[in-house]
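Remarks on the structure that follows.
Quick note: numbers below take in every heavy atom, side chains included, and nothing from hydrogens, waters or symmetry partners.
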Amino acid sequence: MINVTGLDDAAAVIADAMEQQQHFGVQAMATKAALGRDADYDDVINVSAFSGIIDYQPDELILTLRAGTPMHEVESTLASANQMLAFEVPDLHKILASQSAGTIGGVLATNASGPRRLTAGAARDYLLGFDAISGRGERFKSGGKVMKNVTGYDLSKLICGSYGTLAIFDEVTLKTLPKPETNISLLFPCDDLSAAVARIAGIFASPHEPNAAAILPQAIAAKAGIDVAGAMLAIIRLEGIDVSVADRAAHLLAAHKEGVKLDSDASTALWQQIRDVDLLADADGDIWKLSCAPASAPAITATLFDHFDLQFFADWAGGLLWLAGPSGAEFGTAMRSALAANGNGHAQLIRDKGNSKDLIAPLQPLSSAHYALHKRVKAAFDPRSVLNFGRMHDGI
């Protein structure tokens, strides 16, 4: 392992690797090492020294920090000013068997985003700027400390979700937001998944401004300590100032009289379990994350239930399915076939309990056109494939 303290150190390491045609992994706390493909590296560049808050201006809603800063430090700093990262960073340490939520750099590298992504956007939407070193060993900057329209490439959108395959970044600047004064959840029993998706769609079409929505099957809801009369439980979260939340909840409960309200503490605890996928942590086998159109979720899950013993729940109003099923290629292949038969989407293996990665690509395979585009982008930033080569897709 090669420890570096800054981008100049990293540039020197990359220059040597280019000359010797070596492939290096990049990691800080390695909490997300299980995500993506298992690649064979000559060595690992350790960037855990890239840590610390550089500048925090709560009045301006701007936080600048080093990419290796642990998430617990980020969240503590924001909490001191009653602020948050709007994309609601998930902590997957239970299902990934890691020690913590990792670093802000790992969050950005994987574009990790939680339940509020449905209405607030993803991690990439809050990255204002960064300082980085490419796989060419060239230092570059993108963006700054304000969100504005400019002519040129939006590298923040490109770097987020690139799994460290294009560059190593150090200083990053994020947009923060004030924490809502309160939140509550409304619970609606439904006969099946289709009814739950339709119920949520109707509520989101109303003027009551929900900001998150999930669907729990009866058995999964029981794990969260909720007794459900129907086969499915549709959950709506309302956030904001106390009087507004109370008024919106009252109108929704008047329109949907079977609904039940969870107070702020219970609501917060429930959404943390949903965000962190704790509700599947005790499941056997692999865990997959499937993004699809909410209207497609019932057909996809029905197809899989016909052939497999599985557990699941849905976030993002039904557009994000978390599924636990048997290890091996058969389950993942069937999932991707069901997805293809019901519209476009993305199926990613998150927890591999067996040797599934040896049998099936953990990230959604690319079409030939998309693969060619990814390859060109990789060549532009990292022509000798020094950084995390093969982490996302074979040969990239």
Side-chain angles (χ1 to χ4, degrees), residues 4-11 14 26-32 35 45-81 83-91 100-114 116-117 120-135 137-148 150 152-177 381-382 387-388 391:
V4 295
T5 59
L7 293 181
D8 290 340
D9 289 347
I14 291 170
V26 182
Q27 68 178 45
M29 299 176 71
T31 57
K32 295 172 179 61
L35 302 180
I45 301 173
N46 178 16
V47 296
S48 57
F50 292 17
S51 182
I53 306 296
I54 296 172
D55 183 33
Y56 182 32
Q57 302 177 40
D59 291 345
E60 300 296 329
L61 302 177
I62 291 173
L63 172 64
T64 300
L65 68 169
R66 302 190 74 187
T69 306
M71 278 308 304
H72 68 81
E73 184 177 341
V74 178
E75 291 169 348
S76 174
T77 298
L78 292 172
S80 68
Q83 293 189 353
M84 66 178 184
L85 295 175
F87 51 93
E88 205 166 354
V89 179
D91 177 358
S100 71
T103 67
I104 188 62
V107 168
L108 297 173
T110 57
N111 195 36
S113 311
R116 206 180 285 109
R117 178 175 183 174
R124 59 167 53 99
D125 299 309
Y126 293 85
L127 179 59
L128 301 179
F130 62 90
D131 190 5
I133 196 85
S134 73
E138 298 172 345
R139 192 161 178 168
F140 67 99
K141 290 187 176 183
S142 177
K145 294 188 177 182
V146 295
M147 188 174 286
K148 60 183 179 180
V150 296
Y153 297 110
D154 190 349
L155 295 182
S156 294
K157 299 292 194 297
L158 178 67
I159 290 292
C160 277
S162 65
Y163 280 71
T165 60
L166 304 179
I168 298 172
F169 47 80
D170 185 358
E171 181 178 317
V172 298
T173 297
L174 298 165
K175 179 180 175 61
T176 66
L177 286 180
F381 281 83
D382 185 13
L387 302 177
N388 278 359
R391 176 74 184 274

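- Listed here is the closest heavy atom pair of Pro70 and Ser51: CD-OG, 3.5 Å.
- Of the listed residues (Asp131, Asp55, Asp170), just one forms a salt bridge (charged side-chain N to carboxylate O under 4.0 Å, His left out) with Arg66, and that residue is Asp170.
- When all heavy atoms of Tyr56 and Leu78 are compared, the pair lying nearest together is OH-CD2, 3.5 Å.
- Minimum heavy-atom separation, Thr69 to Gly52: OG1-N, 2.9 Å.
- A donor-acceptor contact shorter than 3.5 Å is absent between the side chain of Lys175 and the backbone of Leu63.
- Under a 3.5 Å cut-off, the side chain of Thr77 and the backbone N or O of Glu73 do form a donor-acceptor pair.
- Here the closest heavy-atom approach between residue Ala28 and residue Asn46 is recorded as O-OD1, 3.6 Å.
- Remark: Arg139 engages Asp8 in a salt bridge, criterion side-chain N to carboxylate O under 4.0 Å.
- Residues Ile104 and Ala67 come closest through the heavy atom pair CG2-O, 3.4 Å.
- Atom-to-atom distance recorded for Met71:CE and Leu85:CG is 5.5 Å, nearest 0.5 angstrom.
- Here the straight-line distance linking atom OG1 of Thr173 with atom CD1 of Ile54 works out to 7.5 Å at 0.5 Å rounding.
- The aromatic rings of Phe140 and Phe130 sit perpendicular to each other, their planes meeting at more than 60°, with 30° as the lower class boundary.
- Here the OG1-CD distance, from Thr103 to Gln27, works out to 10.5 Å after rounding to the nearest 0.5 Å.
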* **Worked check of side-chain contact (heavy atoms from CB on, under 4.5 Å) between Leu155 and Phe381** => CA-CA 11 Å; Leu155 295 182; Phe381 281 83; 4.0 Å; yes
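- Looking only at distances, a side-chain donor or acceptor of Ser113 sits under 3.5 Å from a matching main-chain atom of Asn111.
- Between the Arg391 side chain and the Leu35 main chain, a donor and an acceptor come within less than 3.5 Å of each other.
- In this structure, CG on Asp382 lies 11.0 Å from CD on Glu138, to the nearest 0.5 angstrom.
- For the residue pair Ala10 and Ile133, the shortest heavy atom distance occurs at CB-CG2, 4.0 Å.
- Phe87 contributes atom CZ, which lies 8.5 Å from atom CG of Leu127 (distance to the nearest 0.5 angstrom).
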* Please step through side-chain contact (heavy atoms from CB on, under 4.5 Å) for the pair Leu65 and Val172, ending with a clear verdict. => CA-CA 6 Å; Leu65 68 169; Val172 298; 3.7 Å; yes
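- To the nearest 0.5 angstrom, Leu158 atom CG is 9.0 Å from Arg124 atom CZ.
- Without hydrogens or angle criteria, Gln83 side chain to Leu61 main chain gives no donor-acceptor distance under 3.5 Å.
- Remark: side-chain polar atoms of Asn388 are paired, donor with acceptor, to backbone N or O of Tyr163 under 3.5 angstrom.
- Looking at heavy atoms from C-beta onward, Ser100 lies in side-chain contact with Met29 at the 4.5 angstrom threshold.
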